Amino acid sequence: MAEREGEMSRVSRRQLLRGGVTLLGATVLTAHSASAASGPAGAVRAPASAGLLSRVINVRDLGAVGDGLADDTAAFEYAYALAAARVSRGIGRTVIEIPPGEFLITRPNALLNGAAPLRPANGLRFSGAGKRMTTLVFRPPVGPGSYLCRNEDIWANLSFERIQFRSATPGASFFSSYSTGQAQDYRFSECEWMGEWEYGIQLDGTDTNSEMRWEACRVGGAYRRAFLYSGVTGRGQQPNDQDQFLNYWFTDMKVEYDWGNFLEFPYGGSITCRGGSYIITGTRPPSQEYGTTSTFFRFPVAQHHDSVQRFHAQDIRFEVRNPDARVIDCVWKSGTVHFSDCDDTGLAFKDFAPEVRPHRYVVGPRGPLIRYDSCQLVGRHEYRTDGARDSLPTVARYDMCLLRSHPQEEFAVTDGTATPAFVSFVDCLDVAADPADATTARTPEPTGDAPPSAPAAQAAPGTAPTGPAGTASPSAAPARTPPPA
């Protein structure tokens with residue numbers, strides 16, 4: 001406490017006034033930020049002078065240095081306290097502005113600390129100057145269990161834009177979001193994550209925690225669990241209580257990280273990823289839960305409520321750089337999975353590529369319904385069943401796809417190497433369609449009884465092509481009768 005009071009004394013009256021708050025308001029706001037906004041009886045309330053607070057709070061005006069060396073934690077805590085104090089009738093109208101620089105933060109929850117006794121609030125925006133122009137370096141004393149942001153069912157409509165977040169303590173996490181109905185509607189625009197994290201964003205609770213959007217962001221670094229992880233069940237809720245966590249949109253992303261999972265949804269979800277490049281550049285250090293495998297889309301629990309198992313990937317280029325990288329591993333027993341105009345063949349020329357299985361599913365009588373439209377696909381796809389694969393209806397369909405490594409009768413495997421009957425192919429191309437890729441095993445060899453056919457002679461101009469024994473080919477167009485003179 002004494003350390004924090006000492007830090008507060010270093011913020012001068014002039015700096016607070018430049019931030020748009022009177023000295024009286026600043027004195028009241030020196031209490032813990034969780035008590036700064038109006039709350040239930042007993043909580044510290046913002047004074048009338050809080051109405052003078054600026055709608056834009058610049059952390060540099062509150063003492064932040066941004067040189068990567070000075071500890072700027074206190075300035076960010078003050079900025080959040082000021083923003084929380086401006087909430088009126090459940091509406092917050094404050095922008096926390098972070099200029100170019102590298103800002104060091106060493107205490108958890110310093111960027112956002114939404115916890116009781118705060119009342120539910122709508123609207124808070126964090127705005128930087130651009131990726132790699134504004135950088136927040138999170139360096140808590142201990143990594144696991146430390147979060148730069150937390151939202152305990154308080155804030156909705158949060159916005160983060162043009163900021164790089166970097167973990168300088170391996171195993172720290174960016175955001176913990178707990179909801180029973182309030183935490184929702186987050187937007188991340190032109191943001192970037194670097195360093196080694198445990199979680200990027202961890203979702204928990206029993207309801208809502210949904211309607212979240214990422215636009216033109218870059219996901220780098222590494223993740224011991226996942227960049228977005230839904231369903232921690234850390235507070236006594238039962239499985240599937242979290243199935244109302246819905247609607248996550250990723251648009252024009254650059255997902256290029258060292259290892260870990262990108263999206264892991266143990267408890268349902270409606271997820272759409274459109275556009276961008278997705279690459280796992282390395283191999284995960286061995287772990288008990290994941291081995292050495294890293295997966296972009298991991299859905300590890302089978303049973304969920306109806307309508308909360310939906311995944312769609314469109315216009316994405318994936319790179320499968322090693323056998324430990326997977327695009328999807330899904331054990332849903334219903335719902336839908338759809339890949340449209342995607343390509344994971346960029347490294348199909350590698351020696352290991354024909355034997356990789358980057359797409360893996362468990363299927364049953366209700367699906368999930370799996371569809372690939374106009375995709376280019378490497379290796380094989382693996383389907384696991386409960387054993388009654390011959391009686392399953394068609395649950396997977398490949399429509400106008402290019403199968404880069406194998407003919408379609410060898411592309412999908414299940415419970416071994418047998419071709420599953422519940423997978424269908426419609427107008428697909430495979431290696432046998434290209435003479436340069438076809439193997440000699442697929443080219444009939446001439447026998448001793450019949451010499452190989454000679455190449456057909458080119459028809460003379462103006463004559464119809466001929467079939468066997470000089471007869472006219474059935475496909476030849478009829479000769480045109482010249483018009484009468």
Side-chain angles (χ1 to χ4, degrees), residues 25 28-46 50 53 55 57 59 73 76-96 98 105 107-127 136 138 145-161 163 165 173-188 191 199-213 228-237 241-242 244-248:
V28 175
L29 288 169
T30 57
H32 190 276
S33 60
S35 303
S38 59
V44 178
R45 295 180 179 272
L53 290 170
R55 293 185 182 276
I57 299 171
V59 295
T73 304
F76 282 89
E77 289 175 334
Y78 300 155
Y80 174 74
L82 295 175
R86 289 206 71 248
V87 173
S88 176
R89 298 179 181 179
I91 304 297
R93 294 185 173 88
T94 301
V95 177
I96 294 179
I98 311 170
I105 298 176
R107 283 195 291 271
N109 313 318
L111 186 62
L112 186 145
N113 193 11
L118 287 175
R119 290 178 176 174
N122 269 270
L124 179 59
R125 177 178 160 198
F126 296 86
S127 181
L136 303 188
F138 186 38
S146 298
Y147 295 84
L148 181 59
C149 304
R150 72 168 172 172
N151 184 20
E152 300 277 344
D153 217 23
I154 300 297
W155 288 96
N157 291 296
L158 291 170
S159 179
F160 299 79
E161 57 189 46
I163 304 171
F165 305 99
S173 297
F174 169 62
F175 202 127
S176 173
S177 182
Y178 176 84
S179 179
T180 62
Q182 168 67 9
Q184 60 179 321
D185 292 288
Y186 300 172
R187 179 170 179 170
F188 300 88
C191 290
Y199 298 98
I201 302 170
Q202 172 209 290
L203 307 179
D204 201 5
T206 58
D207 193 13
T208 309
N209 235 332
S210 58
E211 317 301 327
M212 300 185 185
R213 181 183 300 274
L228 177 61
Y229 189 101
S230 174
V232 178
T233 65
R235 306 196 184 192
Q237 60 266 34
D241 283 349
Q242 305 185 61
Q244 296 307 310
F245 291 12
L246 299 171
N247 300 335
Y248 305 89

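Only a predicted model underlies this, so the values are computations on that prediction, with no experimental measurement involved.
- Between Ser230 and Tyr248, the side chains place no donor N or O within less than 3.5 Å of an acceptor N or O (distance only, hydrogens not considered).
- Between Leu112 atom CG and Arg150 atom CZ the span is 9.5 Å, to the nearest 0.5 Å.
- Once rounded to the nearest 0.5 Å, the distance linking OG of Ser173 with CD1 of Ile201 reads 10.5 Å.
- Ser146 is linked by a side chain to side chain donor-acceptor pair (under 3.5 Å) to nothing, counting only residues two or more places apart in sequence or in another chain.
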field: Stepwise side-chain contact (heavy atoms from CB on, under 4.5 Å) check, Arg187 with Glu161
entry: CA-CA 8 Å; Arg187 179 170 179 170; Glu161 57 189 46; over 6 Å; no

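- Atoms OG and CZ, from Ser159 and Phe188 in turn, are 9.0 Å apart once rounded to the nearest 0.5 Å.
- For Phe165, the ring-ring contact (aromatic ring centres under 6.0 Å, His included) partners are Phe174, Trp193, not counting sequence neighbours.
- Ser179 pairs by the side-chain contact (heavy atoms from CB on, under 4.5 Å) definition with Asp153, Ala183, Thr208, Asn209, not counting sequence neighbours.
- Rounding to the nearest 0.5 Å places CG of Asn122 at 8.0 Å from CD of Gln184.
- The side-chain contact (heavy atoms from CB on, under 4.5 Å) check on Ala110 picks up Thr73, Glu77, Ile105, with sequence neighbours excluded.
- Between Phe160 and Phe175, the ring-plane angle classifies as perpendicular under the 30° and 60° cut-offs.
- Distance CD/Gln182 to OG/Ser177: 10.0 Å, rounded to 0.5 Å.
- Separation of atoms CG (Asn113) and SG (Cys149) is listed at 9.5 Å; rounding is to 0.5 Å.
- The side-chain contact (heavy atoms from CB on, under 4.5 Å) check on Ile154 picks up Leu118, Asn151, with sequence neighbours excluded.
- With sequence neighbours excluded, the residues satisfying ring-ring contact (aromatic ring centres under 6.0 Å, His included) with Tyr199 are Tyr229.
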